Trainee: 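Next up is a structure, given as structure tokens.
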Amino acid sequence: IVVTGCGSGKTQEAPAAGNASAANNVSIGMVTDIGGVNDNSFNQSAWEGLKAFSAAKDAKVDYLQSQSDADYIPNLNQFVKDGRSLTWGIGFMMGDAVKQVADQNKSAKLAIIDAVVDAPNVESVTFKENEGSYLVGVVAGLMTKTGKIGFVGGSEIPVIKRFEIGFTEGVKAVNPSAKVVINYTGAFNAPDQGKATAATMYNDGVDIIFHAAGSTGDGVFNEAIERKKKNKDIWVIGVDKDQSLTFGNEVTLTSMVKRVDHAVNQISNQVAKGEFKGGIQELGLAENGVGLPENNPNIPEDVLKKVQDYAVKIVHGDIQVPTVTE
Amino acid sequence: MSKLIYWLFKESSLVSLIAIGIGLLLGSLIMLAGGYNPLLAYGSLFGKAFGDVYNTGETIRQITPFIFTGLSVAFAFRTGLFNIGAEGQFIMGALAADFVGISLHMPWYIHVPLAVVAGGLLGGLWGSIAGYLKAVRGVHEVITTIMLNWIALYLSNYLIKAWLLEPGQMRSKVVDKSAWLSSAGLSELFGGSRIHYGIVLALALAAVFYVVLWKTKQGFELRAVGLNPDASEYAGIQVNRNVIKAMFISGVFAGVGGVCEVLGVFHYQAVNTAFPGYGLMGIAVALIGRNSPVGAILGAVLIGVLTYGASGMKFGAGVPEELVSIMIALIIFFVAANQIVKQLLKLTAKNKKEVL
Amino acid sequence: MQQEHIAVEMLGITKRFPGIVANDSISFKVGKGEIHALLGENGAGKSTLMNILFGLYQPDEGEIRINGRSVQIADPKTAIELGIGMIHQHFMLVESYTVVQNIILGTEPKKGLSIDYSRAEHKVRELSERYGLQVEPGQLIGDISVGMQQRVEILKTLYRGADILIFDEPTAVLTPQEIQDLMAIMKNMVNEGKTIILITHKLKEIMAVCDGVTIIRRGKVIDSVSVRETSPDELASKMVGRQVSFAVDKKEANPQEAILKLHRVTALDNRGIPALKQLSLELRRGEILGIAGVEGNGQRELIEVLTGLRRVQSGEIRLHGKPVHNATPRQIAESRVGYIPEDRQKRGLVLDFTVSENSVLKSYYFPDFRRHTFLDYDKMSRHANRLIREFDIRTPSEHTPARALSGGNQQKIIIAREVDGDPDVLIATQPTRGLDVGAIEFIHKKLVEQRDKGKAVLLYSLELDEIMNLSDRIAVMYEGTIVGIVDPRTTDEQQIGLMMSGSAVRQGEEST
Amino acid sequence: MQFLQMTGELMHTTIVFATALVFASLGALYSERAGVANIALEGLMTVGAFTAAIVTYFVETQLGGGAVSPWIGFAAAVAAGTIFAVPHAVASVTYKADQIVSGVALNFLAIGITIYLCKVILHGAAQTPTLKAVFTKWDIPFLSEIPFLGHAVFSAYPTSYLAFMLVAVSVFVLYKTPFGLRLRAVGEHPKAADSMAISVSKMRYMAVMISGALAAMGGATVTLTTTSNFSHSTISGQGYIALAALIFGKWRPVAGMCAALFFGIASALKSVFQVHGITDYIPVDFIYIFPYALTILVLAGFVGRAVAPAALGKPYEKGQR
Ligand SMILES: Nc1ncnc2c1ncn2[C@@H]1O[C@H](COP(=O)(O)OP(=O)(O)OP(=O)(O)O)[C@@H](O)[C@H]1O
Ligand SMILES: Nc1ncnc2c1ncn2[C@@H]1O[C@H](COP(=O)(O)OP(=O)(O)OP(=O)(O)O)[C@@H](O)[C@H]1O
Ligand SMILES: [Mg+2]
Ligand SMILES: [Mg+2]
């Protein structure tokens, strides 16, 4: 089972299946990978966006959790054949499945996060993670005391690569002598590996770790919390959501927020208004798709100022953040 | 046909049937305890599995790999070996088919058989590693096959990334159409589902299972070695060679299963961080099917329907899909501890006599 | 006998197993300080009766009295508490444990939380001296002789304070010398006030040490007699219900040329220690050559090198003049060697195969049993049916799994298969072990028949009587070599027994 | 210096990963020494991991358990593991089922039932929230100050100390006490034990339940020291590795512990190698393969034919001849 996406967050109350009642006849389905909508991560963020949409528009929303990657297509089909107004596929790995279902059902509308599907009836949403990661890289570069910074990724897939490259570029821009230690754990669901990796990095002199590894990243936080209790001067930069809400401000320096919930909500709204067009949406800093959270109590004013400056440059195109290593 | 009915109702099969019954019954009790409606749940489970042609096709698609791995485990069982490694053999079979499908280009009537043979061979070889270690070095196959599963997983990941990767994806390139086991026609017939000709191959292999084991001299040797290696050695049968052979054939069954998933369902192989789980389910299938080819088919149908229908149960009755794993576990448990079931049988038999 | 002098009394004991009444209202009593024998054919129900006395089985009906008191023996624990001890037909010893550990198992003396081994050892030594049961407390069971293992078994019961000892066929595995020692030990124990129940098939032993004997046939008591008032012949006929002759009925042998020759063969045992040392031997057509020896002197290895189951380190084996050492079992079988293995359930049969499949275990691949490339089960069935008729195998059908047959009939399948292959050499190892008189008679007849047809028969048995009765020549093995070849007509058991223990070497007329 | 640093790091991480394996393989030792094969280790660990997570979570959030919460979770896991092992004993001891099959069934059951309960208890969530109250490392005074070694060995989770202590206790129990003598006798020659008035099934039930308790400690260790939550992938193969460690150690407690440590090294290598840049030379997949391949090589080569308890895997039938 390939796990997609990353992020973290917490909500306890989530209905088992969807909310019924479809006054305006808009009904939307969402297919997740094996993690399900309570994965503290990507799927959860998407489902929160859909629930927000449902609450605002009184629309019917449901999700189906896949038990294996063979389930993606039947699950998507379940919604498509049910005549849903829109069917979401959440995550990079669902690209092929969405493509196939879209081709077989030309009249159905589908949308996907993190992958580009070339079909007229599919809306593909990707994020410019490199841009947001650049900004947290600036924070890390300015705030490191040891000159050693860590990056912990899940699998080496293009999405995560964008995080890594944006981040290192950001660090380089403000602190060329700093060293970024990069580690892919190979999984998004292995907090034990995340924890061991973080321990190794911190022992090696790293004082700030940025993770883009789903619940593997929870392990990074756990290690940091344990060390913070012993008054070690170390930080974690969270991902996808404002992870200080989950892990507290003692260890969370900031987070690279990726607004999957916004994207899901927004596109679902378009469908509700009959404005679905299909195609590709790339959400970056300019579109407010990625960025830092509102509150950053741990970042000094001057650093935040610097971050603001770089953000402006990126939005204006003065800085082109690469997505692949040249 | 009457033979089949006889086979279904002789005691050993009856044990399976009753175990299934107990599994479903306990499943409903658990649902009741969780505040769900079991009738609604089973209704939506079977509704999902057989509700329309599309889902029926998908159910068959789900059943197919279980037949292969079930045959694999059952064959090993028949020869006295416990093959927990169908998972790894499945992956290696898929890898070989993926390689042949992507790297070679030829007409379908060569391409498909070549991919199937390559996958079967690699799966078989992977199995025979465990056979070799058991025969020559005396290492128990349960341990080696478990280890080989993980090795297969990571090795195939590495090889896909090294040779076959579709740039920007965590999967291989797509195999040539000429190697596909799926056809638009068949798919159309089943509402666009991913049913493929692997099911035919699976049924054919079930027949091969029967013929090899009970109609050939190799089969005689394999069974003898499985039941009593000492007596086999005494009778001049080469025990070591037969252990390796048995694991090879067992691996072929699983390997071809992997081939069919690649050529029939996905048309590529993904870089996986966890097992697809067909091998482990093969154990359940074989046990429920009393290690016979027909049993494996029926066992695969049961497991396939339950696992595919699980999401229907979730959708229709809110019951978590994991309930299906619990039921499957209970079924295996009662098949294994068949003395419990037999005791129940005896009790009911006694009651019947008293009534008569 | 007066009531207070009775140690054990069993009254109307009935025990049924599915399809058989193993004990059918059995009653008998044993006086205190008596050695009482239980005599009966295989399957007569002796072990079952004693297992009931020891609490391993529960009787369906009947009453047990110990020292005059009626008791319920629910489990071995109760039996032990009542002062009953049992030395089982098959030893109940943990191989990887020491002598002391085996003896104290279940009633360990403690010091704090741990076992007090020094106290245990002390007590074991004390007991062993008192009863003349010489053992080495610290040794592992796997490393000591069968005779010593039996002494450990006896000490186990004495350690638990047993006054009533049950011996189930204790002499079956012992050498003549060890048997004599055991008899002395038994006498000794009786003198110390113990009571003994002895199960044995050997009339000689009963006559030598027992006071009384109870004869059981088909689960029923036939008679209880005092040994002083009976004779072996009388006991034997009571046991089987007809007159039996102990001598095997056979003509003079007519030995011809040597067909199987071993020359300076050496081989290792499973632990890698030399088990055969420069062994030379010849087997001739038209004779039965018996191999005698105490268990563990290389007999098993000898048979295994002959049948291709064990590698030869050096030396050569020739069959029909052609070298066959280190040939595979199949090559040897195909050079017309038949082999009746020692352990029929482990080696001789695939118990879950049908009678028919077992009957072709060595010939399933012959064209006779094939149609085109596939096996033809009908042909196998016909073949099996013929054997079932010719060898009088009692089975519901040829499709019955061998597991469902009785021991004697299982053995007959093997004999049928091996003899029907028309071998030039027939190797028979312990062919009658655990069988009753009727079955033994049948098998002996078959072996002699083979000899008379001009085949060469190699017989290995731990029963000296069997070797003496059947063989035309006897080769005695000791520590991996043949220490002598003797003519059974001109030697006695005493002499062979001495050779077996390595203390006398007598060269036969044509020794190698 | 770099090398010393790396070795110390490796030892430290090794102990973290090995602890769960030490517990579980020690558990299997009891069961297998009594003659009951225990492939259910994986499932027992899963149950332990789940129980520890869910109980700790509720004690922490609902009862305000604070720092004792993980201990309560740990104890609950032990109880749950003990109970969950009972079906395995019932099937394989009382009903003479194939022990491996019964174990496999239990593994299926464990993963199904834990996630099912998780969803039922946590309103649909397939994993528990991240625990705040988990075990923290104990620094042994003075000893932990020793350069490199101190950090590597004497700054460990309480569970690690407990695991190594239990190894010592087990050596005593198995080899010095009447209980141990009887337990091993039951695994070697149940009939002999039976005839000495030792109840084979009672011993085997106890052994299987002890193994459940210990394996659950292993599972609890994983959630309470490394993952801080429970999900379907919390226990993914550790049970099988623990079983391999047991066999690797030839069914002996100290050797089994060493084998567990060895597998711990293999897991630790993954992160240590990556952080220190060794993966630039060896593909990371090969590092993943390493422990499994080594297990096979070792079992095939160096260990030779390990002698399993003689009656391992064989149901004992009273009165069978
Ligand atoms: N556990 C059992 N289940 C079924 N039948 C049994 C069992 N034990 C013994 N029997 C049967 O009961 C009968 C008596 O067996 P028992 O072992 O008491 O004979 P025995 O007189 O000791 O014979 P032997 O001289 O061969 O030791 C036999 O027919 C045997 O098959
Ligand atoms: N444990 C058992 N369970 C069920 N049936 C048994 C058992 N042991 C023996 N039997 C049955 O009891 C009968 C007698 O078996 P046993 O081996 O004791 O024969 P026997 O009296 O020794 O005969 P033979 O002289 O042929 O060896 C057989 O029909 C056998 O199938
Ligand atoms: Mg007997
Ligand atoms: Mg008998």
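Being a predicted model, the structure only gives us computed values, none of them experimental. Per chain, numbering begins at 1; letters A, B, ... match sequence-line order.
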Trainee: Are any of the side-chain heavy atoms of L155(C) and Y131(C) separated by less than 4.5 Å?
Mentor: no

Trainee: Can you confirm whether I141(C) sits close enough to V99(C) that some side-chain heavy atom of one is under 4.5 Å from a side-chain heavy atom of the other?
Mentor: yes

Trainee: What part of I80(C) gets closer than 4.5 Å to chain D, counting heavy atoms only: side chain, backbone, both or neither?
Mentor: side chain

Trainee: Which word best sums up how the rings of F262(D) and F248(D) line up, parallel for under 30°, tilted for 30 to 60°, or perpendicular for over 60°?
Mentor: perpendicular

Trainee: Does E108(C) come within less than 4.0 Å of R182(D), counting only side-chain N to carboxylate O?
Mentor: yes

Trainee: Taking side chain as C-beta onward, heavy atoms only, is M217(D) less than 4.5 Å from L166(D)?
Mentor: yes

Trainee: Please flag which part of I198(D) lies under 4.5 Å from any non-hydrogen atom of chain C: side chain, backbone, both or neither.
Mentor: side chain

Trainee: Using non-hydrogen atoms and a 4.5 Å limit, figure out which bit of F172(D) sits close to chain C: side chain, backbone, both or neither.
Mentor: side chain

Trainee: Heavy-atom distance under 4.5 Å to chain D: side chain of T157(C), backbone, both or neither?
Mentor: neither

Trainee: With chain D as the partner, which of G112(C), A79(C), G85(C), P76(C) has the greatest number of non-hydrogen pairs under 4.5 Å?
Mentor: P76(C)

Trainee: F91(C) versus chain D, heavy atoms under 4.5 Å apart: side chain, backbone, both or neither?
Mentor: backbone

